[in-house]
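The block underneath contains the structure these notes are about, expressed in structure tokens.
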There are 4 protein chains.
Amino acid sequence: MPKTNASPPGGEPVAQRGRPAGDHAAKRAEILKAAASVIAEDGYAKASLRKVAERAGYTTGAVTYYFANKEELVTALAESRFDRYDAMLEPARAKADIKLLYEQWLAMTTGDPEYWPVMSQLLTHARYEPALASIIEQRYARYHRLHTKILEAGQAQGTIRDDIPADLLADQLAAMGDGWMMMFPFEPERFDPSRVEALIDAVLTLIAPIPGTSGS
Amino acid sequence: MPKTNASPPGGEPVAQRGRPAGDHAAKRAEILKAAASVIAEDGYAKASLRKVAERAGYTTGAVTYYFANKEELVTALAESRFDRYDAMLEPARAKADIKLLYEQWLAMTTGDPEYWPVMSQLLTHARYEPALASIIEQRYARYHRLHTKILEAGQAQGTIRDDIPADLLADQLAAMGDGWMMMFPFEPERFDPSRVEALIDAVLTLIAPIPGTSGS
Amino acid sequence: MPKTNASPPGGEPVAQRGRPAGDHAAKRAEILKAAASVIAEDGYAKASLRKVAERAGYTTGAVTYYFANKEELVTALAESRFDRYDAMLEPARAKADIKLLYEQWLAMTTGDPEYWPVMSQLLTHARYEPALASIIEQRYARYHRLHTKILEAGQAQGTIRDDIPADLLADQLAAMGDGWMMMFPFEPERFDPSRVEALIDAVLTLIAPIPGTSGS
Amino acid sequence: MPKTNASPPGGEPVAQRGRPAGDHAAKRAEILKAAASVIAEDGYAKASLRKVAERAGYTTGAVTYYFANKEELVTALAESRFDRYDAMLEPARAKADIKLLYEQWLAMTTGDPEYWPVMSQLLTHARYEPALASIIEQRYARYHRLHTKILEAGQAQGTIRDDIPADLLADQLAAMGDGWMMMFPFEPERFDPSRVEALIDAVLTLIAPIPGTSGS
DNA sequence: AATGAATGAGAGTTCATTCAT
DNA sequence: GATGAATGAACTCTCATTCAT
């Protein structure tokens, strides 16, 4: 259903002159969705623009019309994924709630089984696609800052152990998440919901305050 | 250095034919080394048998002579890498020393800067190459058992916190390692030796016994 | 003559890109013609898509654009040849005229010296290409039914001997034709028009009614 | 079991001095047998020297040692097959018995299910391998003379119709056989023994003398 | 704006052949 | 006499990209 452009992009009741703007963005989004689906299914190495076009219901030419080349498609895909990620994490950021952060992060998995596979394909490939690498670096740095800030707040409140600098702690916990992301698509049976919950609980235990240490 | 037999001194290094002195296993190892190097440099997606052959100093035909097809090459590569990994971890296994385990694991990085990049490429691709996936699954399971056993021993001795089951702990710590492996090739500056040491110290702190809990 | 659109008069015939005016079916036919020509000239074993493309004036990619793979090309070729065959035999079918049938069949030879060589290559190869085999089987069965019917009509009219079942007779005569087809490309001098005519006359003699046998 | 040469090339107890002669010829024969088997199974186009070597239990080098190149292998194969054919037909030749001739020819089929497939592959390919073509031409010419002679004898005796020159009749009947040979590997179910017998009977009926025709 | 025919390079793979051993 | 490592060209097929329409 790509060619639905019935929705005027600004909701004009009367006007709607000329071509509907926003169409462009919507079609790009649709192609990106198809791209994610193809990458999840076939892996980055075997994902071709042809397959993406086919899955989106477009022609080969259309894909290269909306994205100058494969690199642009891939970077746009990464960007859109991170945007979604950020949006999802927003509540946790606002409340500085570490538990909520991890639960939201977990929700990405259950909500969209393609999310992690696609992300791990993009991350692993980033090393060989500078444009992609720079996007990921920026986004990860931003996420790292957010994560650190929440941990620091927790340490200040005494809800998180403070014998390890928040910065290091953030690195460790983020790595744990990345590691799971990488292994998840590959051994999904090891990541059923109840086990993932146990893992997250264990993380919270791991970073809980140590009795008799530090102090308000 | 595949062309070991005496080249006519002063003459053109003519194309090599016929039966050379070389040793089958050694040649395979040489090609695997070249394959690792190409994968590290160009990524799995762009690593071709042609490039591997070129880097090894052979022709394309020679590579497919030693490895029936790409799949066989890749699985042999994974296997050889895991063998190396296992050999390196042996001392830590023998002594059931968790700190040594992490330090040895860290040494893989400093010892061979290609090790992690290659591994992360193989792991990420495994999902789409069943033969590769099965190898990794087996090896990971073995490593996971070893890791769990060492942690259990530590818990029994009171050197590791026992409020989290060793099995879960192993999962978390292994994931951390995998996460670092994935991010390392991509943000190497974040993983200079001193920082990695700090990370490992922090891990040890994280799993250190909690005063006032459990105990003999 | 694929490059139909106006080439700059007097200019270099630049490589052709973009959407040309051509007609899909016509292009396929052109490629099939080239394929037939290559098979006739080099034999099935040495006929490659490259050669076919070259002979058609296209690149390799163009051939695989019009035919997903070699199997599809070959089966399409067989199909088109049989279509031509059927069309040619139609008048004989309509009149149930056995002599006309053989003469038309003979005309295939004189009309297109490639027809028999190509057919015999395809037939011989069919055993190892199931898709091709199934096409040939169907078409041959149809032709066999037609042939049998005409012979039966002849037997009923008393113009063909009836001491051998029409079905067996059809098998024998078809085999004769196949045998000639196979030997023709290989000993063409034995098949000059006058000799072929003599052979056909002899066939008609062979199946002429036997005096003193059966009959009304 | 090619490497049976348990006899030390100098340790014969009594006779058998030097290398056993005939060894060479025997090994060639073994390779030829393997070649026939591979051609029957995979078709000429996909029969490779590697597969032949493998099936014979030899090394790749051995095949090219015994046969300078593929062409020589193929022509030797054809020659050996024709020799076998000739030997089989010898009794029919000696007795000038046409029925025996066809029955012997039929026996080739039931005796060795590979015979016809291999032959039809070689015949079809002969057009593109001059050396092979010349062998076949010679052998076919010889067979044609034999066939004609037997038919002539039959005509003289009044056991075969004489309203068609023996030469033309031979051509027709040989073509019938070739046609069956070509179709047999490809529709074997149409050639069960009882049907083949019916076909041969019908041939004999076809060439039986015509009452009221010819002379004394 | 969008198409889809066509390119041309490069992928994995196969192969007959060569030749030092 | 026989081996089997290695070549190098050719194979089928895939792909990102271009561009006349």
Base-contact (B) and sugar-phosphate-only (S) positions in nucleotides 10-15 of chain E, heavy-atom cut-off under 4.0 Å, - elsewhere: -SBBBS
Gap between atoms NZ and P, on B/K27 and F/dG4 respectively (whole Å): 14 Å
D/F67 side chain near D/I31 side chain, heavy-atom distance below 4.5 Å: yes
Integer-rounded Å distance: F/dT17 P and A/E72 CD: 10 Å
From B/I136 atom CD1 to B/R81 atom CZ, the distance as rounded to the nearest 0.5 Å: 12.5 Å
Spacing of D/Y58 atom OH relative to E/dT17 atom P, expressed in whole Å: 20 Å
Set of residues satisfying side chain to side chain contact (heavy atoms under 4.5 Å, CB included) with respect to A/S80, sequence neighbours excluded: A/L32, A/L77
For atom CD of D/E30 and atom P of F/dA2, their distance in whole Å: 12 Å
Nearest-0.5 Å distance, OH of residue C/Y58 to NZ of residue C/K27: 4.0 Å
Sequence neighbours excluded - salt bridge (Lys or Arg N to Asp or Glu O under 4.0 Å) pairs with any residue from residues 65-77 of chain B: B/R28-B/E72
Separation of atom CD in A/E54 from atom C1' in E/dT3, rounded to whole Å: 15 Å
Nearest heavy-atom neighbours spanning B/V118 and B/I39: CA-CG2, 4.4 Å
E/dA2 phosphate, OP1 or OP2, under 4.0 Å from A/Y66 side-chain N/O: yes
Contacts of A/S48 that satisfy side chain to side chain contact (heavy atoms under 4.5 Å, CB included) - sequence neighbours left out: A/R50, A/K51
Atom-pair distance (CG on C/D23; P on F/dT21), nearest Å: 16 Å
For B/K33, all residues meeting side chain to side chain contact (heavy atoms under 4.5 Å, CB included), sequence neighbours excluded: none
Involving DNA chain F, stems made of at least three consecutive Watson-Crick or G-U pairs, both distances under 3.5 Å: E:2-21 with F:2-21
Between P of F/dA2 and CZ of D/F67, the distance in whole Å: 13 Å
Mutual orientation of the aromatic rings belonging to A/Y66 and A/H24 [parallel < 30°, tilted 30-60°, perpendicular > 60°]: tilted
